[in-house]
Amino acid sequence: MMSDAQLETTTIVALATPPGRGGVGIVRLSGPDASRVCRALFPGGATPQPRQATYRLLRDADGTRIDDALLTLFPAPASYTGEDVLEIATHGSPVVLDWLVRACVEHGATPARPGEFTERAFLNGRLDLTGAEAVRDLIDAQTLGQAQLAAQQMGGAIAEAVRPAKQALLHLIATLEAGIDFAEDDLDAVTNSSVTTALETLTPSLAGLLRSFQQGRLLREGLRMAIVGEPNVGKSSLFNRLLQQERAIVTATPGTTRDVIAERLALDGVPVELLDTAGLRETADEAERLGILRSRQALADADAVLLVLDGSEAASRPVLPSDLADALRGRPVVLALNKADLAPSALHPEGSLGVPAATADVQAAEASASAISFAGFAWPVVPTSAVTGLGIDQLKNAILTLARGTDGGTTGAATLTNLRQRDATARALAGLQRAEQAAHSGIPHEMVLLDLYEGLHALDELTGATTPDDVLHLIFSSFCIGK
């Protein structure tokens, strides 16, 4: 990590736009010498006015014109990093941009490390740690939902959410410390019941924030869903229909799929990775058998399962092999009764694919199955037709509902998105809960304070107030250069 002294004297430079050819490329400098480097690159001109694009000609040392340039100066402290920041926009020629970066270095700038601009923004108080992490998440966002969540975090949503609890915790700590330090003075004694009452008002907000991690992790990392079932029930056809492209090979011959095929799609901003797998059955074909082994591994590793059954036969024979039923027990599952266009009328009364009718048909199938039962399962059932597209929208909604969980995905702006944030929040909550139990048991306040301070330190780690340098280095080293 860079020391404060180095931060005060070093000016960094990097390409801020993606490498490669483009209409525009931007080179960014940050540090106390940004204006001096600007004057050296563009001699004879005045320093650009703050936050106003200024046109200049970019020339080499001999005065030969290289390109046009637009300069924008953001003086400290009102800049992204909290330092003087200069952005030089030229045409997006890799040759020109490389020359420009090297020219900045020749005039005293230092090449920026990955994430160093955002690191300086954090160290200069422009972002808290959760906001800095959100910068990376915003850059990596693949869906609008991911981008919206990252933007909320960049705005300090988590810090705002924990601020009331942290202030109340500081007040409680100060009150207990005063009661201990001035025990002989005429101060009102702090009772154990008042301590437990104060903590009871603190913990619910942190518990709610901790619960948000499941949804935040889902939005940040996405849901892995394995499509499983017997051969020739239409798994690959549904896979293609959901993706709206012919990604998997589909034939009438059972066992066509021999390997796991993965593709991503976005459902209302939630990223979902679909895994098309080989049909599960006993076979002597070695290639198909290896594909089935991979299918079972994908089933075991997936977050959720899209089980596909042949809806045209669901009422006439057992619908779920017992070994597959055991593998799915306790797992989040959506059941698609495919080929519903060929199914009995009970699956689609009056030409519509109604889930209640489908559920009734599955119950009828249960009654006819002697060794196989859906007992204990509470899966959403959606009749579908990969050929006609019937039920596909309902299937997407069922997958989305399952992905968002029982709360319907209704989380506030403050949502934990990574394990570091979850761990810090969990430790803070655990510390306060131990303190509450200790106070309730009549343990001396000196011991209660130890747990309160542990909770406070964990909250500081969450937002970066007391985060160790090695943790900061690990976080910012995962950023791209130029950000």
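Because only heavy atoms are used, hydrogens play no part in the values below, and waters and symmetry mates are left out as well, while side chains stay in. Values in this document were obtained by computation on a predicted structure and should not be read as measured data. We number each residue from 1, following the sequence as shown.
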Just list the side-chain donor-acceptor pairs under 3.5 Å for residues 197-206, sequence neighbours left out, or say none.
unit_1: T197; atom_1: OG1; unit_2: S193; atom_2: O; d: 2.8
unit_1: T201; atom_1: OG1; unit_2: A198; atom_2: O; d: 2.6
unit_1: T203; atom_1: OG1; unit_2: L199; atom_2: O; d: 3.3
unit_1: S205; atom_1: OG; unit_2: L202; atom_2: O; d: 3.1

Side-chain atoms of residues 47-54: list all donor-acceptor pairs with protein atoms under 3.5 Å, sequence neighbours left out, distances to 0.1 Å.
unit_1: T47; atom_1: OG1; unit_2: R39; atom_2: NH1; d: 3.4
unit_1: R51; atom_1: NH2; unit_2: A78; atom_2: O; d: 2.2
unit_1: T54; atom_1: OG1; unit_2: Q52; atom_2: O; d: 3.3

Next on the checklist: Going by the rule ring-ring contact (aromatic ring centres under 6.0 Å, His included), which residues pair with F479 if we only count those two or more places apart in sequence or in a different chain?
Outcome noted: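 F479 satisfies ring-ring contact (aromatic ring centres under 6.0 Å, His included) with F476 once adjacent residues are dropped.
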
Who pairs with [X] by salt bridge (charged side-chain N to carboxylate O under 4.0 Å, His left out), at least two apart in sequence or on another chain?
X    : result
D451 : R434
K166 : D460
D67  : none

Checklist entry - With sequence neighbours left out, which residue pairs that include part of residues 20-30 fulfil the salt bridge (Lys or Arg N to Asp or Glu O under 4.0 Å) condition? => result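 Listed once each, the pairs are R28-E87.
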
side-chain hydrogen bond (donor to acceptor under 3.5 Å, both in side chains) partners for [X], two or more places apart:
X    : result
Q433 : none
E160 : R163
D140 : none
D301 : Q297

Checklist entry - Hey, does L395 have a side-chain heavy atom less than 4.5 Å from the side chain of L306? => result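 Touching, per the 4.5 Å side-chain cut-off.
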
Checklist entry - Quick check: does any side chain N or O of N124 sit under 3.5 Å from a backbone N or O of R120, one acting as donor and the other as acceptor? => result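 The answer is yes, because a donor-acceptor pair under 3.5 Å joins these two groups.
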
Item to check | Backbone N/O of A76 and side chain of E83: donor-acceptor pair under 3.5 Å | outcome: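 Side chain of E83 to backbone of A76, a donor-acceptor pair under 3.5 Å: no, none is there.
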
Could you list the donor-acceptor pairs under 3.5 angstrom formed between side-chain atoms of residues 440-449 and any protein atom two or more places apart in sequence or on another chain?
unit_1: S441; atom_1: OG; unit_2: Q437; atom_2: O; d: 2.9
unit_1: H445; atom_1: NE2; unit_2: N192; atom_2: OD1; d: 3.0

